[in-house]
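What follows is a single structure, written as structure tokens, with notes after it.
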Amino acid sequence: MSEYKLMGIYKISGQIKLETGLHIGGDEGVIEIGGNDNPIVRDIATENPYIPGSSLKGKMRYLLEWYTGKVSKDGKVYDGKNLPKGSENDLLLNVFGGTAGGNGRKGPTRVTVKDCFLIKKSEEKIKEMKERTGTDTEFKMENNIDRLTSHAVPRNLERVPRNLVFNMEINFKVLSKDNKNEIEKMIIEGLKLVEIEGLGGSVSRGSGQIKFEDLKIENLFNGQEKNLDLNDIKLGD
């Protein structure tokens with residue numbers, strides 16, 4: 001039997017609740033005087049804000065690189081260059097994929113992170129907000145301060161308001177060569193780290209605090225499922 005035989009596909013689903021405003025940057029387009037210089041990303045079909053799967057996956061990977069001690073002195077993305085050519089003995093690379101110019105690893109990336117769209121109730125909430133205020137987002141005003149001259153450069157940051165909720169779905173594949181529990185553990189730890197750290201831009205200035213809710217994992221081959229609670233996940237040695 002090939003070591004690449006597909007043994008199962010699992011789905012981790014749940015919701016992402018915004019505890020603070022969220023900023024994930026979109027296309028700035030043409031900026032007018034007094035306009036928005038830090039717009040959020042929006043779904044082109046509905047113009048509603050959404051969370052790109054790439055943003056969630058990238059933050060999970062970034063934090064897991066730190067958590068597993070794989071960050072190099074130059075701070076570049078971990079690419080496994082020091083591994084033997086074609087090696088697949090690195091769990092993080094197997095789960096999240098290789099990088100351009102990496103070690104030439106073979107085999108499929110195990111995890112797929114879907115784009116996260118607003119639940120129906122939150123769609124109705126921002127529609128009502130837009131009708132009432134003329135906008136469905138908030139603008140956080142910030143200043144860059146020159147430490148020597150005290151000169152302030154004001155800027156605004158568009159954020160998705162807190163308390164909105166997005167659906168979330170992450171799939172992961174398990175091959176015959178894999179340890180399913182190791183893959184599942186890494187993904188769940190990644191979610192826990194994102195919940196602790198935050199998502200999107202300006203996290204260090206208060207944006208992007210989130211909460212994962214109603215998590216469950218389902219075996220898409222046989223339909224078996226179980227609930228997940230990140231409060232039960234303990235990080236560190």
Side-chain angles (χ1 to χ4, degrees), residues 10-26 38-43 46 48-68 92 95-96 111-130 133 135-140 142 157-172 183-218 225-236:
Y10 296 81
K11 178 173 73 173
I12 298 176
S13 59
Q15 296 180 338
I16 301 173
K17 181 180 180 181
L18 305 188
E19 302 281 286
T20 65
L22 172 72
H23 176 81
I24 296 179
N38 283 291
I40 61 167
V41 63
R42 292 180 180 271
D43 176 11
T46 65
N48 288 334
Y50 76 104
I51 300 174
S54 58
S55 295
L56 177 55
K57 181 183 177 184
K59 193 59 180 284
M60 291 169 65
R61 179 180 183 140
Y62 160 77
L63 291 171
L64 284 166
E65 286 180 3
W66 281 98
Y67 182 63
T68 56
L92 190 144
V95 173
F96 287 91
V111 71
T112 301
V113 183
K114 309 293 184 67
D115 289 343
C116 306
F117 298 99
L118 289 167
I119 65 171
K120 187 66 175 178
K121 187 174 181 179
S122 288
E123 283 187 335
E124 294 170 352
K125 186 174 181 178
I126 65 168
K127 181 179 179 181
E128 184 275 333
M129 177 182 172
K130 193 169 185 177
T133 67
T135 181
D136 57 2
T137 57
E138 63 184 20
F139 288 89
K140 182 182 180 186
E142 299 179 340
L157 184 73
E158 186 178 24
R159 305 197 306 181
V160 184
R162 68 187 183 96
N163 292 329
L164 293 182
V165 179
F166 297 80
N167 284 314
M168 183 202 74
E169 181 178 324
I170 296 174
N171 290 353
F172 67 91
I183 295 175
E184 179 181 324
K185 181 174 183 288
M186 172 164 280
I187 294 171
I188 293 173
E189 287 177 340
L191 292 175
K192 178 75 171 182
L193 289 165
V194 173
E195 187 176 83
I196 293 171
E197 168 74 6
L199 181 64
S202 296
V203 167
S204 65
R205 298 191 293 275
S207 298
Q209 298 305 304
I210 65 168
K211 183 75 174 177
F212 292 105
E213 299 182 333
D214 301 325
L215 293 177
K216 65 180 181 180
I217 180 169
E218 178 184 0
E225 65 178 42
K226 65 179 181 180
N227 294 326
L228 296 175
D229 188 346
L230 294 186
N231 291 326
D232 296 334
I233 305 303
K234 307 301 180 185
L235 300 175

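Interatomic distance, NZ of Lys211 versus CD1 of Ile16, reported as 13.0 Å (0.5 Å rounding). Rounded to the nearest 0.5 Å, atoms CE (Met186) and CZ (Phe172) are 12.5 Å apart. Separation of atoms OG1 (Thr135) and NZ (Lys130) is listed at 7.0 Å; rounding is to 0.5 Å. One finds the CG atom of Leu230 at 10.0 Å from the CG atom of Leu193 (value rounded to the nearest 0.5 Å). For the atom pair CG of Asn48 and CD1 of Ile40, the computed distance is 9.0 Å after rounding to the nearest 0.5 Å. Atom CD of residue Gln209 and atom CD of residue Glu19 lie 8.5 Å apart, to the nearest 0.5 angstrom.
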Query raised in the report: Given Lys140 and Arg205, is the side-chain contact (heavy atoms from CB on, under 4.5 Å) satisfied, shown in steps?
Result: CA-CA 10 Å; Lys140 182 182 180 186; Arg205 298 191 293 275; 4.1 Å; yes
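Nearest heavy atom pair, residue Leu56 against residue Val194, reads CD1-CG1, 4.3 Å. Between Ser207 and Arg159, the closest heavy-atom pair is OG-NH1, 3.0 Å. Scanning all heavy atoms of the two residues, the minimum distance from Cys116 to Asn167 falls at CB-O, 3.0 Å. The two residues Glu158 and Thr137 make their nearest non-hydrogen contact at OE2-OG1, 2.7 Å.
Under the 4.5 Å side-chain criterion, counting only non-hydrogen atoms from C-beta, Ile51 is not in contact with Met168. The closest side-chain heavy-atom distance from Tyr50 to Ile24 is not below 4.5 Å. Proximity of Glu123 to Phe117: side-chain heavy atoms (C-beta onward) are nowhere separated by under 4.5 Å. Between Ile217 and Ile188 the shortest side-chain heavy-atom distance does not fall below 4.5 Å. The shortest side-chain heavy-atom distance between Asn163 and Lys125 falls under the 4.5 Å cut-off. Using a 4.5 Å heavy-atom threshold, the side chains of Glu197 and Val203 count as touching. Pro49 places a side-chain heavy atom less than 4.5 Å from the side chain of Ile126. Residues Thr46 and Leu118 fail the side-chain proximity criterion, which asks for heavy atoms closer than 4.5 Å.
Between the side chain of Tyr10 and the main chain of Ile170, no donor-acceptor pair closer than 3.5 Å is present. Under the 3.5 Å distance criterion, the side-chain polar atoms of Gln15 are left unmatched by any main-chain donor or acceptor of Asp214. Checking side-chain atoms of Lys11 against main-chain N and O of Glu169 turns up no donor-acceptor pair under 3.5 Å. Side chain of Thr68 to main chain of Leu64: a donor-acceptor pair is present (N/O by atom type, distance under 3.5 Å, no hydrogens or angles).
Applying the side chain to side chain donor-acceptor pair (under 3.5 Å) rule to Asp136 yields the partners Arg42; only residues at least two apart in sequence or on another chain are considered. Residues passing the salt bridge (charged side-chain N to carboxylate O under 4.0 Å, His left out) test with Glu225, sequence neighbours excluded: Lys216.
Between Glu65 and Arg61 there is a salt bridge, with a side-chain nitrogen of the basic residue lying less than 4.0 Å from a carboxylate oxygen of the acidic one.
For residues 183-192, the pairs satisfying side chain to side chain donor-acceptor pair (under 3.5 Å) are Lys180-Glu184, Glu184-Lys226, Lys185-Glu189, with sequence neighbours left out.
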